[in-house]
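The chain is numbered in sequence order, starting from 1. Note that the coordinates shown come from a computational prediction; the quantities given were computed from them, not determined experimentally. Numbering of ligands and ligand atoms starts at 1, following listing order.
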Amino acid sequence: MNTKDLENVPVSDHAAMIEEIKELRKKRNAVILAHNYQIAEIQDIADFVGDSLGLAQQAAKTVSKTVVFCGVHFMAETAAILCPDKRVLIPDLDAGCSLAASINAHQLRQWKKEHPGAVVVSYVNTTAEVKAESDYCCTSGNAVKIVQAIPVEKEILFLPDMFLGSWVKKVTGRQNMQIWMGECHVHAAMRPEMVTEKLKQYPQAELLIHPECGCLTPFLDHLADDPKLQPVKVASTEGMIREAKQSTAKEFVVATEEGILHRLQKQNPEKTFIPIAPEMTCQFMKMITLEKLYKSLRDDVYHVTVDEDIAHRARLPIERMVSIF
Ligand code: 13P
Ligand code: SF4
């Protein structure tokens, strides 16, 4: 089947589309990177599936000429900054992030003025302009280590996720850390009662919880007071994948976006994974479909570029993020 023929194939004909995507990937010397929240078909065809840190690391070391980023826009931007000589494509330019939208560069400059001399640590879920105003970037996979790497006497401005920020503050015991009041609408919707309810239903289950979760802070306080703790692991999406494999538990309650269940279940068919709530879906991540991926490769769209001056200033904080893990 050639590319022209495929235009007449119904979107539902996934098998034909998958074959064509594989052909185009070869022809364009492209690598397909997919985040753990992508739909199952995208995860299955990707060359690499991972969390924000893993995807940035893969982008940094790829030898392919084109990187097709199946994730959200800030992730593709990060790849574009790390690989200025590659062509970075995203299948849908509207795949944004509510957390990244919670702070802009102007707001950050104002905040810095109020705290002269403070070190700025930005979560990777930020625009390139915000990264360019930062000293360090971090992901949920290495936020604790990044904060620990900063001299204790230095004040830290941590942004934009308040739940991740307060968790890092708790784990590191860092007092001089200011936290921006941003949140991800998906994770902020997870309430402590939802976790408690699920753990009651599955008393043998281990809890896997993403540090962006709104349920995290009160829930961890609650756990600290409870002598009969069920095992709990706070982790990035990739940390959850690792934990599920190495843990002896047979059941897991998963508190993050539901897309990760596909990989968890695929890699651990003998274990059971229970979503905290099946409606925990990020509509931005789900904008990437097989059809859009096919069109992206076929038409060489949509090219993600970052202004050279911004990219230049954002590169150091991103490189620090990629090297500390
Ligand atoms: P991870 O880096 O843990 O994959 O998280 C990215 C994200 O967007 C979580 O909502
Ligand atoms: Fe952004 Fe939340 Fe979606 Fe992650 S789940 S990409 S933080 S909106």
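- In terms of modelled atom types and a separation under 3.5 Å, the side chain of Gln265 and the main chain of Lys271 share a donor-acceptor contact.
- Taking 4.0 Å as the cut-off, Glu257 does not count as a neighbour of ligand 1 on heavy-atom distance.
- The nearest protein atom to atom 2 (Fe) of ligand 2, hydrogens excluded, is given as Cys184 SG, 2.3 Å; this is a heavy-atom distance.
- Residue contacts with ligand 2: Gln283 is excluded, as none of its non-hydrogen atoms falls under 4.0 Å.
- Atoms of ligand 2 found under 4.0 Å from any heavy atom of Ser98 (numbered from 1 in listed order, with element): 8 (S).
- Taking a 4.0 Å cut-off on heavy atoms, Gly141 fails to register as neighbouring ligand 1.
- A distance-only check finds a donor-acceptor pair linking the side chain of Ser98 to the backbone of His185 [under 3.5 Å].
- A donor-acceptor distance shorter than 3.5 angstrom exists from the side chain of Gln43 to the backbone of Gln38, with no hydrogens or angles considered.
- Side-chain N or O atoms of Arg174 include none that pairs as donor or acceptor with a backbone N or O of Glu155 at under 3.5 Å.
- In this structure, Asn125 has a heavy atom closer than 4.0 Å to ligand 1.
- The shortest heavy-atom distance from His185 to ligand 2 is under 4.0 Å.
- Using modelled atom types, no side-chain atom of Thr126 and backbone atom of Ala100 make a donor-acceptor pair closer than 3.5 Å.
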